[in-house]
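Quick note: residue numbers are just sequence positions, from 1.
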Amino acid sequence: MFAVRWRPADLFFQEVAFSQYYEIGDETLWNPSNGASRLFLIQVSVYQAELGLPSGIGPMQEDECQIDPVAFKEFVDALLAWHRRARHRVMTALSEGFVATVLALAEAAGIEVDWQSARSTEEGGLKDVQVPAAFVPSEEAWAAALQAKSRELGRCMGA
């Protein structure tokens, strides 16, 4: 048998950051928890590689991340077009939450997303096609569902 003796001096406090800030200039767009931010930034790097395009989302330094609105808009539009061309159920499922989060961040930044180009793009041909074929919603249904998810996330992302 053993006894554990607890002393108040055994406790110590560290300065811990509980959230991080995504900003354009001095305007905070999003202030997620460290965990949510970490997962988001990992996914940013995945989609930058997939698209071959920088996101405009700078490095996290001292719990702050600056976003370049010009590069971010280009990334958002390319990501949206990529997502629309996806014809594989697993790829669509894996990317949908990230795409909705990026759209919510773009909306918070006042960036006008190019939905029309995303709807009409078929460049690059079909890759990673689901067999049997994945259900492809109409342009209107696809955009409406993604916009609804983005708005829902946007309500949770308020800075």
Side-chain angles (χ1 to χ4, degrees), residues 17-24 27-61 63-159:
F18 293 104
S19 61
Q20 298 182 327
Y21 297 85
Y22 290 79
E23 301 173 325
I24 291 181
E27 182 184 358
T28 298
L29 305 176
W30 186 29
N31 179 225
S33 69
N34 288 346
S37 180
R38 183 182 62 254
L39 289 175
F40 178 72
L41 288 175
I42 290 168
Q43 289 184 323
V44 166
S45 66
V46 166
Y47 288 97
Q48 285 179 133
E50 181 67 22
L51 298 172
L53 192 65
S55 66
I57 298 173
M60 188 61 67
Q61 297 176 329
D63 297 321
E64 294 181 358
C65 175
Q66 282 294 318
I67 298 173
D68 174 347
V70 174
F72 187 56
K73 179 186 179 4
E74 187 176 347
F75 179 78
V76 171
D77 291 341
L79 179 66
L80 191 59
W82 175 90
H83 183 69
R84 180 59 184 150
R85 285 191 313 271
R87 295 291 189 259
H88 194 285
R89 288 180 182 151
V90 173
M91 290 176 69
T92 301
L94 288 170
S95 62
E96 188 172 83
F98 177 73
V99 173
T101 302
V102 166
L103 289 171
L105 192 55
E107 184 174 329
I111 292 172
E112 191 168 323
V113 176
D114 188 358
W115 287 91
Q116 189 57 40
S117 289
R119 290 177 180 152
S120 63
T121 188
E122 287 298 328
E123 65 191 47
L126 296 176
K127 296 189 284 190
D128 298 310
V129 178
Q130 177 77 40
V131 177
F135 169 75
V136 179
S138 71
E139 302 295 341
E140 293 76 21
W142 168 77
L146 201 49
Q147 288 169 333
K149 185 174 212 102
S150 173
R151 281 191 297 273
E152 178 185 331
L153 286 173
R155 286 191 293 274
C156 301
M157 291 172 66

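Met60 has its side chain within reach of Tyr22: a pair of non-hydrogen atoms, C-beta onward, lies under 4.5 Å apart. With a 4.5 Å cut-off on side-chain heavy atoms, Gln61 and Gln66 do not count as touching.
Pairing each heavy atom of Ile67 with each of Ile24, the nearest pair is O-CG1, 3.5 Å. Closest approach of Pro32 to Ala36, counting heavy atoms only: CB-CB, 4.1 Å. In this structure, His83 and Ser95 approach most closely via the heavy-atom pair ND1-OG, 3.0 Å. Scanning all heavy atoms of the two residues, the minimum distance from Ala78 to Leu53 falls at CB-CD2, 3.6 Å.
Counting only residues at least two apart or on different chains, the salt bridge (Lys or Arg N to Asp or Glu O under 4.0 Å) pairs with a member in residues 91-105 are Glu96-Lys149.
A donor-acceptor distance shorter than 3.5 angstrom exists from the side chain of Gln48 to the backbone of Ser55, with no hydrogens or angles considered. Remark: the backbone N or O of Asp77 is not paired with any side-chain donor or acceptor of Asp114 at under 3.5 angstrom. With Thr92 contributing its side chain and His88 its backbone, the two residues share a donor-acceptor pair below 3.5 Å.
In this pair, Tyr47 and Phe98 present their aromatic rings parallel. The plane angle is below 30°, not in the 30 to 60° band.
We find the CZ-CE distance between Arg85 and Met91 to be 10.0 Å, quoted to the nearest 0.5 Å. In this structure, the separation between OG1 on Thr28 and CD on Glu64 is 7.5 Å, given to the nearest 0.5 Å. Of the inter-residue distances, the one linking Trp30 atom CH2 with Cys156 atom SG reads 10.5 Å to the nearest 0.5 angstrom. Rounded to the nearest 0.5 angstrom, Trp142 CH2 and Trp115 CH2 are separated by 5.0 Å. Here OG of Ser45 is found 12.0 Å from CD of Glu50. Values are rounded to the nearest 0.5 Å.
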Which is it for Arg38 and Gln20 under the side chain to side chain contact (heavy atoms under 4.5 Å, CB included) test, yes or no, and what are the steps along the way? CA-CA 9 Å; Arg38 183 182 62 254; Gln20 298 182 327; 6.0 Å; no
Stepwise side chain to side chain contact (heavy atoms under 4.5 Å, CB included) check, Ile57 with Phe40: CA-CA 11 Å; Ile57 298 173; Phe40 178 72; 3.8 Å; yes
Donor-acceptor contacts under 3.5 Å from residues 99-112 side chains, at least two apart:
| residue | atom | partner | partner atom | Å |
| --- | --- | --- | --- | --- |
| Thr101 | OG1 | Gly97 | O | 2.8 |

